[in-house]
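Below is one structure, written out as C-alpha cells; the observations come after it.
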Amino acid sequence: MGVAAGPIRVVVAEPRLDGHDREAKAIARALRDAGMEVIYTGPHQTPEHVVGTAIQEDADAIGLSVLSGAHHTLFAAVIELLRERDAADIKVFGGGSIPEADIASLKAKGVAEIFPPGATTTAVVDWVRANVRRPV
C-alpha cells in the first residue's frame, strides 16, 4: 500500500427515511477536522444518489448512517450499485441503530466496517485513516 495521494475523500449520507442527521453531521465534521474531504449529502437520499455522488466526487469511501432499521436493504443496495457501476473499490462503512447481531451479516455482504451505537467519532476517524487510502 502506497502513500496516500491527497486527502481521503468520504461521502457521508443518510439514506431513505432517516431524518435524524445529528450523528451523520458529527461524523462528517470529525472526518473533516481530521483533514479529510467530506461530501455530506444530507438526509433522505436514495442509494442511487449516494453511489452517483460518490462516483462523481471520486470518493474513496461512503459512510452511511442508518437509523430506520432498514440497514440490510440499504447497505446491500449501495454495495450492489457500486459493483454494477464498476466502483466496488469505494469502501462502504457505517453505523446507526444497527444491532450487534447484524454486523457479521452486513460485513459478509461487503460492508467494510460497522460502528455500533456508542462508537466514538475518534474510532471512526482512526478506522478511516487506517483502512481507506487513495492510490498513488
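Separating the OG atom in S65 from the OH atom in Y40 is a distance of 8.0 Å, to the nearest 0.5 Å. Atom CD in E14 sits 9.0 Å away from atom NZ in K25 (nearest 0.5 Å). Distance CD/Q56 to NE2/H49: 8.5 Å, rounded to 0.5 Å. In this structure, CD1 in I27 is found 10.0 Å from CZ in R29, a value given to the nearest 0.5 Å. Rounding to the nearest 0.5 Å places CZ of F75 at 4.0 Å from CD1 of I114.
Distance alone, capped at 3.5 Å, is enough to place a donor-acceptor pair between the K91 side chain and the N131 backbone. A donor-acceptor pair under 3.5 Å links the side-chain atoms of Q45 to the main chain of T41, judged by distance alone.
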Exercise. Give the intermediate values and the outcome of side chain to side chain contact (heavy atoms under 4.5 Å, CB included) for residues L82 and I62.
Key: CA-CA 10 Å; L82 287 170; I62 297 172; 4.1 Å; yes

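At a threshold of 4.0 Å, the pair E113-K107 counts as salt-bridged, since one of the basic side-chain nitrogens sits closer than that to a carboxylate oxygen.
Here the closest non-hydrogen pair linking L74 and P47 is CD2-CG, 4.1 Å.
Taking 4.5 Å as the limit, some side-chain heavy atom of E48 sits within range of a side-chain heavy atom of L81. Between V10 and V132, the closest side-chain pair of non-hydrogen atoms is not below 4.5 Å. Counting heavy atoms from C-beta outward, L31 and V12 have side chains that approach closer than 4.5 Å. Taking the side chain as every heavy atom from C-beta outward, M36 and R129 approach each other to under 4.5 Å. Annotation: side chain of I98 is not in contact with side chain of P116 (no heavy-atom distance under 4.5 Å). In this structure, the side chains of P15 and T46 stay at 4.5 Å or more apart for every pair of heavy atoms. Counting heavy atoms from C-beta on, the side chains of S97 and V66 never come closer than 4.5 Å.
Classification of the F93-W127 ring pair by plane angle, with boundaries at 30° and 60°, yields tilted.
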